[in-house]
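These numbers come from a predicted model, not from an experiment.
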Amino acid sequence: QVQLVESGGGLVQPGGSLRLSCRASGRSFSSSTMGWFRQAPGKEREFVAAILWTGRSTYYTDSVKGRFAISRDNAKSTVYLQMNSLKPEDTAVYYCVASVGVSSERAASAYGYWGQGTQVTVSL
């Protein structure tokens, strides 16, 4: 069993930065694939980024490549999403996800554990 708690969301101006954190509890964290999804109002939930349990492999949706960076600290049971050069279209609720044995890192259905979400708003 893994429980996920996100933090770090908020209001930021276009071009600004935020760092989201997701702290996990449970014995499976170090062997879990971790990731982030987001959902904007009126839109479907979409994949943002994922990182394998080793930390050596990362995946990003095209719209955030070069701007976002996912990382993890297994000693702290925490995964991070550094978001730079934020745009209004990045506005959404961001969800931390986790699962063991993920076969498709970009599929929401692959993740068995979800956090409650944190709001990110990019606006003047």
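When the side chains of ILVMFWY residues are joined at heavy-atom separations under 4.5 Å, either directly or via intervening members, I70 and Y94 end up in a single hydrophobic cluster. W53 and Y59 are assigned to two separate hydrophobic clusters, defined by single-linkage of ILVMFWY side chains at heavy-atom distances under 4.5 Å. Both Y60 and V120 are part of a single hydrophobic cluster, where members link through side-chain heavy atoms under 4.5 Å apart. Cluster annotation: Y80 and L52 are assigned to distinct hydrophobic clusters (Ile/Leu/Val/Met/Phe/Trp/Tyr, side-chain heavy-atom contacts under 4.5 Å, transitive). When the side chains of ILVMFWY residues are joined at heavy-atom separations under 4.5 Å, either directly or via intervening members, M34 and F68 end up in a single hydrophobic cluster.
Residues meeting the salt bridge (Lys or Arg N to Asp or Glu O under 4.0 Å) test with R67, sequence neighbours left out: D90. With sequence neighbours excluded, no residue forms a salt bridge (Lys or Arg N to Asp or Glu O under 4.0 Å) with R23.
Across all non-hydrogen atoms, the minimal contact from S104 to A110 is O-CB, 3.4 Å. Nearest heavy-atom pair across V93 and G117 is CG1-CA, 3.8 Å. Taking every heavy atom of both residues into account, A40 and A92 meet most closely at N-CB, 3.8 Å. For the residue pair S32 and V100, the shortest heavy atom distance occurs at OG-CG2, 3.5 Å. S71 and I51 get closest at one heavy-atom pair: CA-CD1, 3.8 Å.
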side-chain contact (heavy atoms from CB on, under 4.5 Å) between S17 and Q82, worked out
CA-CA 8 Å; S17 298; Q82 178 66 43; 4.0 Å; yes

Take F47 and R38, measure what side-chain contact (heavy atoms from CB on, under 4.5 Å) needs, and give me the verdict at the end.
CA-CA 7 Å; F47 169 78; R38 66 186 180 185; over 6 Å; no

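Applying the 6.0 Å contact sphere to CD of Q3 captures no more than 12 heavy atoms from other residues, nucleotides or ligands. Around atom CD of Q116, no more than 12 heavy atoms belonging to other residues, nucleotides or ligands sit under 6.0 Å away.
For the residue pair D73 / T78, no side-chain donor-acceptor distance below 3.5 Å is found, with atom types taken as modelled.
The cationic atom of R45 (NZ for Lys, CZ for Arg) lies less than 6.0 Å from the six-membered ring centre of Y95 and within 45° of the ring axis.
Between F37 and W114, the ring planes are tilted. Angles from 30° to 60° get that label.
When L18, L11, L86 are each tested for a side-chain contact (heavy atoms from CB on, under 4.5 Å) with V122, only one passes: L86.
A distance of 6.0 Å separates CG in L20 from OG1 in T118, rounded to the nearest 0.5 Å. Taking NZ from K65 and OG1 from T58, the interatomic distance works out to 9.5 Å, rounded to the nearest 0.5 Å.
Residues S77 and S25 form no side-chain contact, since every pair of their non-hydrogen atoms from C-beta on lies 4.5 Å or further apart.
Residue pairs meeting the disulfide bond (SG atoms under 2.5 Å apart) criterion with at least one partner in residues 87-124, sequence neighbours excluded, are C22-C96.
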